Q: 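I have a structure here, written as structure tokens, and I will follow up with some questions on it.
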Amino acid sequence: MTDSLAVRIDKWLWAARFFKTRSLATDAIDAGHVRRGSDGSISGDRVKPAHIVRIGDSYAVQRGESLHEIVVT
């Protein structure tokens with residue numbers, strides 16, 4: 001992936017409409033509600049707002065009672 005395609009996860013989650021604002025995405029990441037995907041559970045590693053999203057990465061995003069398993073394509 002080239003530098004021109006590199007996107008921070010807080011911006012990506014906002015752009016993909018998982019959160020209404022980038023600030024809400026950052027707050028959710030800081031609270032531990034966004035983790036790297038790990039075989040269908042939310043036990044993956046926590047990420048930081050500046051984490052770079054790459055094609056093929058998977059993430060688990062918890063919003064309230066719902067858990068979204070995301071794969072970046």
Side-chain angles (χ1 to χ4, degrees):
M1 180 178 281
T2 64
D3 290 337
S4 64
L5 297 177
V7 179
R8 293 167 47 117
I9 193 163
D10 58 346
K11 286 184 181 182
W12 188 86
L13 288 170
W14 164 72
R17 304 293 189 245
F18 285 97
F19 295 96
K20 217 172 201 182
T21 65
R22 185 172 159 205
S23 177
L24 289 174
T26 301
D27 291 344
I29 294 166
D30 288 338
H33 298 295
V34 179
R35 297 179 177 264
R36 290 180 195 221
S38 63
D39 300 326
S41 69
I42 195 160
S43 63
D45 297 334
R46 290 176 70 164
V47 295
K48 294 183 178 181
H51 174 78
I52 301 298
V53 175
R54 292 183 173 79
I55 295 173
D57 286 352
S58 63
Y59 299 96
V61 179
Q62 187 170 2
R63 295 184 60 210
E65 294 295 320
S66 62
L67 178 64
H68 301 276
E69 295 285 335
I70 303 165
V71 177
V72 180
T73 57

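As the structure is a prediction and not an experimental result, all values here were calculated from the model. Residue numbers count from 1 along this sequence.
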Q: Any side-chain heavy atom of D27 within less than 4.5 Å of one from F19?
A: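 The answer is no, as the side chains (C-beta and beyond) never meet within the 4.5 Å cut-off.
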
Q: State the CZ-NE2 distance between F18 and H33, to the nearest 0.5 angstrom.
A: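 One finds 15.5 Å between CZ of F18 and NE2 of H33.
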
Q: Check side-chain contact (heavy atoms from CB on, under 4.5 Å) between T73 and all other residues, then give those that pass, not counting sequence neighbours.
A: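 Expected list: none.
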
Q: Identify the two heavy atoms, one from V71 and one from G56, that lie closest to each other, and give their separation to 0.1 Å.
A: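 Looking at all heavy atoms of both residues, the shortest contact is CG1-O, 4.5 Å.
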
Q: When rounded to the nearest 0.5 angstrom, what distance separates CZ in R46 from CZ in R36?
A: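 Taking CZ in R46 and CZ in R36, the distance rounds to 13.0 Å.
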
Q: Hey, could you give me each pair passing salt bridge (charged side-chain N to carboxylate O under 4.0 Å, His left out) that has a residue in residues 56-66? Not counting sequence neighbours.
A: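 As it turns out, there is no salt bridge (charged side-chain N to carboxylate O under 4.0 Å, His left out) pair with a partner in residues 56-66 once direct neighbours are skipped.
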
Q: Looking at V47 and I29, what are the two nearest heavy atoms and their distance?
A: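 Shortest heavy-atom contact: O-CG2, 3.2 Å.
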
Q: Give a yes or no on whether the backbone of G44 and the side-chain of R35 come within a donor-acceptor separation of less than 3.5 Å.
A: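 Checking the backbone N and O of G44 against the side chain of R35, a donor-acceptor pair under 3.5 Å is found.
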
Q: For residues 5-16, run the donor-acceptor check on the side chains, cut-off 3.5 Å, and write out each pair with its distance to 0.1 Å, sequence neighbours left out.
A:
residue : atom : partner : partner atom : Å
R8      : NE   : D10     : OD1          : 3.1
R8      : NH2  : D10     : OD2          : 3.1
D10     : OD2  : R22     : NE           : 3.3
D10     : OD2  : T26     : OG1          : 3.4

